[in-house]
Amino acid sequence: MPDMMLEAACQGPVCGVDEAGRGPWAGPVYAAAVILDPKRLPDGLDDSKKLSAKARDRLEAEIKDRALAWCVASASVEEIAALNILHASGLAMHRAVTGLKVTAAFALVDGNYRFALPCPIKTVVGGDGISASIAAASILAKTARDRLMQEMDALYPGYGFAAHKGYHAPTHVEALSRLGPCPIHRLSWAPVRLVLEGGLGSRDGLED
C-alpha cells in the first residue's frame with residue numbers, strides 16, 4: 001500500500017502529482033497535485049485504477065477535506081493537438097502544482113518523465129502504488145475527469161462517454177463510425193483517424 005516514506009525524505013511541503021486521461025480518444029487530460037497532512041491521512045489510499053468508483057468518490061471527499069492543499073487542473077483537446085499528449089499532460093501538471101494554496105517545495109511525479117514544474121521533482125515509476133501523495137493525486141485527477149466525461153455524455157449523446165470515458169471500446173468505435181467525431185474527439189490521434197477512414201472496426205483490439 002502507498003505510504004509517506006518518500007515524502008518524509010524530502011525537505012518542505014511535498015506534493016504528489018499524477019494525471020488521468022493520457023490514453024483516451026476523446027476529452028481533456030487532467031492532473032492533480034496534493035500535499036497530504038501526515039497526521040490526517042485518508043484510509044484506503046491506493047492507485048485510483050485499483051479502486052472501485054464508490055471508493056474513489058469516498059476518498060475524493062476525504063482527500064479534499066484532510067489535505068493541506070490540493071488542486072486539479074486540465075489541458076484541453078485543442079492543447080493536446082497543439083502540444084502532443086505528453087506535453088499537454090505536463091501543462092496540466094504545471095497548472096495543478098501552481099494552483100496549490102500551499103507552495104510546494106518538492107514534487108513526487110508518477111512515471112519517469114521529468115516535466116518542467118515550478119519546483120524540484122522526483123519521478124517515481126508506479127508512484128500511485130508507492131506514494132500516498134501520488135495515490136491521492138491519481139484519485140482526484142480520475143474522479144474529476146470521469147465526472148467531466150459523464151457531463152459530456154449528456155452534451156454529446158450517443159457516444160457512450162459515461163461508460164467508457166472516451167477510451168477505446170467497441171461501442172465507442174461503432175458510435176464514432178456512425179456519428180462522426182464530436183468537438184471533444186482527439187482528431188490528431190491515429191486510431192480516431194482510422195475509424196473515420198473506415199480502417200478500424202469495432203472488434204480490433206487496439207491498445208489505448
Side-chain angles (χ1 to χ4, degrees), residues 2-36 45-51 56 59-60 63-64 67-149 165-167 184 186 188-190 207-208:
D3 56 40
M4 293 288 284
M5 291 182 65
L6 290 176
E7 289 85 343
C10 302
Q11 293 287 332
V14 179
C15 67
V17 184
D18 201 1
E19 54 74 28
R22 280 179 66 173
W25 295 5
V29 60
Y30 270 69
V34 180
I35 300 176
L36 290 174
L45 284 174
D46 205 346
D47 175 358
S48 62
K49 296 183 292 295
K50 297 180 180 179
L51 299 169
R56 287 195 297 267
L59 282 162
E60 177 190 28
I63 292 164
K64 290 180 176 180
L68 296 175
W70 61 271
C71 182
V72 178
S74 65
S76 68
V77 172
E78 292 78 14
E79 288 170 326
I80 292 171
L83 300 173
N84 77 37
I85 186 59
L86 179 66
H87 292 99
S89 298
L91 176 61
M93 289 182 178
H94 192 283
R95 288 169 173 165
V97 175
T98 303
L100 289 168
K101 292 184 178 180
V102 175
T103 301
F106 202 86
L108 299 171
V109 181
D110 186 53
N112 60 5
Y113 192 86
R114 296 187 63 82
F115 293 102
L117 299 182
C119 63
I121 72 169
K122 176 181 176 61
T123 59
V124 187
V125 176
D128 42 11
I130 299 171
S131 159
S133 298
I134 296 177
S138 78
I139 291 167
L140 293 195
K142 180 165 177 56
T143 52
R145 188 180 189 279
D146 284 356
R147 192 175 302 117
L148 183 278
M149 293 309 292
K165 308 302 188 294
Y167 283 87
I184 65 166
R186 299 177 182 177
S188 60
W189 283 43
E207 292 293 332
D208 53 47

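When every heavy atom of Val14 is checked against every heavy atom of Ser133, the shortest pair comes out as O-OG, 4.4 Å. Of all heavy-atom pairs spanning Ser131 and Leu6, the tightest one is CB-CD1, 4.3 Å. Shown here for Ala75 and Pro28, the closest heavy-atom pair between the two residues is O-CB, 3.1 Å. Taking all atoms of both residues into account, the shortest heavy-atom contact from Ala31 to Ala96 is O-CB, 3.9 Å. For Val29 against Ala20, the heavy-atom pair with the smallest separation is CG2-O, 3.6 Å.
Under the 3.5 Å distance criterion, the side-chain polar atoms of Ser138 are matched with a main-chain donor or acceptor of Ser48. One N or O on the side chain of Arg145 and one on the backbone of Lys165 form a donor-acceptor pair closer than 3.5 Å.
Between the CD atom of Glu78 and the CG atom of Leu83 there is a distance of 11.5 Å, given to the nearest 0.5 Å. Taken from OG in Ser76 to CZ in Arg186, the straight-line distance is 10.0 Å, to the nearest 0.5 Å. For the atom pair Arg95 CZ and Cys71 SG, the distance stands at 11.0 Å (nearest 0.5 Å). One distance of note links CD1 of Ile130 with CE of Met4; it measures 14.5 Å at 0.5 Å rounding. The distance from the CG atom of Leu140 to the CD1 atom of Ile63 is 4.5 Å, given to the nearest 0.5 Å. Between the NZ atom of Lys50 and the CZ atom of Arg56 there is a distance of 13.5 Å, given to the nearest 0.5 Å.
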>> As a quick check of understanding, evaluate side chain to side chain contact (heavy atoms under 4.5 Å, CB included) for Cys15 and Leu100, giving each step before the final call.
In response: CA-CA 9 Å; Cys15 67; Leu100 289 168; 3.9 Å; yes
> Hey, mind stepping through Met149 and Ile184 against side chain to side chain contact (heavy atoms under 4.5 Å, CB included) and telling me if it holds?
Replying inline: CA-CA 10 Å; Met149 293 309 292; Ile184 65 166; 3.9 Å; yes
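With contacts defined as side-chain heavy-atom distances shorter than 4.5 Å, the pair Leu59/Asp46 does not qualify. Looking at Pro13 and Ile35, their side chains come closer than 4.5 Å, going by heavy atoms from C-beta outward. Counting heavy atoms from C-beta outward, Pro2 and Ile134 have side chains that stay 4.5 Å or more apart.
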What pairs of donor and acceptor atoms, side-chain ones from residues 103-122 against any protein atom, are under 3.5 angstrom apart with sequence neighbours left out?
unit_1: Asp110; atom_1: OD1; unit_2: Gly127; atom_2: N; d: 2.7
unit_1: Asp110; atom_1: OD1; unit_2: Asp128; atom_2: N; d: 3.4
unit_1: Arg114; atom_1: NH2; unit_2: Ile121; atom_2: O; d: 3.3

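Residues meeting the side-chain hydrogen bond (donor to acceptor under 3.5 Å, both in side chains) test with Lys142, sequence neighbours left out: Asp146. With sequence neighbours left out, Arg147 forms a side chain to side chain contact (heavy atoms under 4.5 Å, CB included) with Glu60, Thr143, Glu151. Under the salt bridge (Lys or Arg N to Asp or Glu O under 4.0 Å) criterion, Glu7 pairs with no residue at all, not counting sequence neighbours.
For residues 98-109, the set of pairs meeting the salt bridge (charged side-chain N to carboxylate O under 4.0 Å, His left out) definition, not counting sequence neighbours, is empty. The salt bridge (charged side-chain N to carboxylate O under 4.0 Å, His left out) contacts involving residues 15-29 comprise nothing, where partners must be two or more places apart or lie in separate chains.
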